[in-house]
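Order of appearance sets the numbers: ligands from 1, and atoms from 1 within every ligand.
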Amino acid sequence: MTSDSPALAVRGLAKRFERPAVDGLDLVVRAGEFYALVGPNGAGKTTTLRMVAGLLRPDAGEIAIFGIDALREPIAAKQMMAWVSDEPMIYDKLTPLEYLEFVAGLWGIDPAASGEAARELLVSLGLEGHLHERCEGFSKGMRQKVALAGALIHDPRLIILDEPLTGLDAVSARHVKGLLAERVRRGGTVIMTTHILEVAERMADRIGVIAAGRVLAEGTLAELRQQNGRTDTSLEELFIALVDVEPAA
Ligand SMILES: Nc1ncnc2c1ncn2[C@@H]1O[C@H](COP(=O)(O)OP(=O)(O)OP(=O)(O)O)[C@@H](O)[C@H]1O
């Protein structure tokens, strides 16, 4: 590991189910970037991120997290990152504070230190009124926020999120976006998939467009525009032009 290693470097990543889902994908995300992965349904975004998070073994390819070979040293790699799935699992019988204390304990964090961090995280996500309620009565959005707080409790340098804003109301989405932007301001790296192109356009430093298991194009919005010879078009228009799908009526 070197201090100038990218947060994520993926080379030749491949995974096949019935058909290839990820097909020789290359991706580099620099430390301190907010990177959005966009692409049509079935493009291979989730499969890519699941392999990066160590949840799925690639058929081929290399994955390095801050220079650590994630396939050879999965535990060291996982310590650097957080994975937030689009279907988060939390323990219903615990309150958010208890859940975060439990997760912090798994990471070996001293409860005295984790308690304050847990409270801060939950408050920043708008859960201050629910710190002592059991999660079993929580809405999907509240559960998503508790899971996100749990993923961040060990202060990971790389945060990987699959569709973190789906199902959140506007206020909750703002809390989550604010928290992620804050992490990046403090030097963290965020990689997230989203179908909300406006979010990618507004929040991401760089955007990767994936289709058929490969990165079709990537760059800042300005670079994507330039690559496509369209100077002032929206990401949505670029996306449709790139992946060659008809806009919904
Ligand atoms: N566990 C699995 N078993 C079989 N096929 C799978 C599995 N996981 C993913 N696939 C297939 O791999 C392809 C890529 O799926 P993936 O979920 O990575 O796409 P995605 O870009 O995240 O799509 P979406 O935007 O719809 O979430 C799809 O054809 C999907 O059906």
Side-chain angles (χ1 to χ4, degrees), residues 7-29 33-63 65 70-71 74 77-78 81-89 140-141 143-144 147-148 151 158-168 172-173 176-177 180 189-204 206-219 221 224 234-249:
L8 173 66
V10 164
R11 220 173 49 195
L13 195 65
K15 183 74 190 178
R16 185 187 174 89
F17 297 106
E18 290 83 29
R19 292 177 274 121
V22 176
D23 193 14
L25 183 137
D26 298 323
L27 182 65
V28 174
V29 177
E33 266 190 323
F34 196 127
Y35 194 99
L37 273 181
V38 303
N41 292 129
K45 303 180 295 296
T46 300
T47 305
T48 298
L49 294 188
R50 288 187 66 209
M51 289 190 279
V52 169
L55 299 170
L56 192 63
R57 184 96 194 153
D59 296 336
E62 294 166 16
I63 302 169
I65 311 287
L71 300 175
K78 278 181 188 166
M81 69 175 133
W83 158 254
V84 187
S85 128
D86 59 345
E87 286 171 4
M89 306 251 283
K140 180 170 183 279
R143 302 165 75 84
Q144 259 172 275
L148 174 61
L158 171 60
I159 305 166
I160 302 174
L161 311 102
D162 197 11
E163 289 287 339
L165 303 172
T166 304
L168 295 186
S172 294
V176 170
K177 287 186 278 185
L180 296 177
T189 307
V190 170
I191 304 174
M192 72 174 205
T193 68
T194 184
H195 287 296
I196 312 172
L197 298 180
E198 199 198 351
V199 167
E201 188 169 333
R202 252 185 310 115
M203 295 196 72
R206 289 194 304 142
I207 299 159
V209 183
I210 291 196
R214 286 165 173 263
V215 177
L216 273 189
E218 71 163 358
L221 184 57
L224 288 173
S234 67
L235 179 59
E236 185 180 40
E237 282 164 322
L238 280 172
F239 177 89
I240 290 167
L242 278 165
V243 303
D244 196 30
V245 292
E246 289 299 318

Provide, to 0.1 Å, the distance between atom 3 (N) of ligand 1 and the closest protein heavy atom, together with that atom's residue and name. F17 CD2, 3.5 Å
Could you check whether atom CZ of R11 has more than 12 heavy atoms from other residues, nucleotides or ligands sitting under 6.0 Å from it? no
So is H195 touching ligand 1 or not, going by heavy atoms under 4.0 Å? yes
Taking the side chain as every heavy atom from C-beta outward, state whether Q144 and L148 have any atom pair closer than 4.5 Å. no
Closer than 4.0 Å and a protein heavy atom, does any atom meet both conditions relative to atom 30 (C) of ligand 1? no
Geometry only, no angles: is R19 polar-contacting ligand 1 at N/O separations under 3.5 Å? no
Measure the distance from atom 23 (O) of ligand 1 to every protein heavy atom, then report the residue, atom name and distance (to 0.1 Å) of the closest one. G42 N, 2.8 Å
With only distance considered, is A43 within less than 3.5 Å of ligand 1 through an N or O on each side? yes
For D86 and T166: C-alpha separation, side-chain torsions, deciding distance, then whether side chain to side chain contact (heavy atoms under 4.5 Å, CB included) applies. CA-CA 8 Å; D86 59 345; T166 304; over 6 Å; no
Short N or O distance, G39 and ligand 1, threshold 3.5 Å exclusive: no
Can you tell me how far OG1 of T46 sits from CE of M51, rounded to the nearest 0.5 angstrom? 10.5 Å
Atoms in ligand 1 with a heavy atom of T47 nearer than 4.0 Å: 9 (C), 14 (C), 15 (O), 16 (P), 18 (O)
Against heavy atoms of N41, which atoms of ligand 1 measure under 4.0 Å? 23 (O), 24 (P), 25 (O), 26 (O)
Quick one: does R50 get an N or O within less than 3.5 Å of an N or O on ligand 1? no
Relative to the heavy atoms of P40, which atoms of ligand 1 are at a distance of less than 4.0 Å? 21 (O)
Quick check on contacts: which atoms of ligand 1 are under 4.0 angstrom from a heavy atom of A21? 12 (O), 13 (C), 14 (C)
D162 and S85 side chains, donor-acceptor separation under 3.5 Å: no
Taking it one step at a time, do L27 and Y35 satisfy side chain to side chain contact (heavy atoms under 4.5 Å, CB included)? CA-CA 11 Å; L27 182 65; Y35 194 99; 3.2 Å; yes
Show the atoms of ligand 1 that are less than 4.0 angstrom away from any heavy atom in T46. 17 (O), 18 (O), 20 (P), 22 (O), 27 (O)
Nearest candidate to atom 21 (O) of ligand 1, where distance is taken over non-hydrogen atoms, out of K45, R16, E18: K45
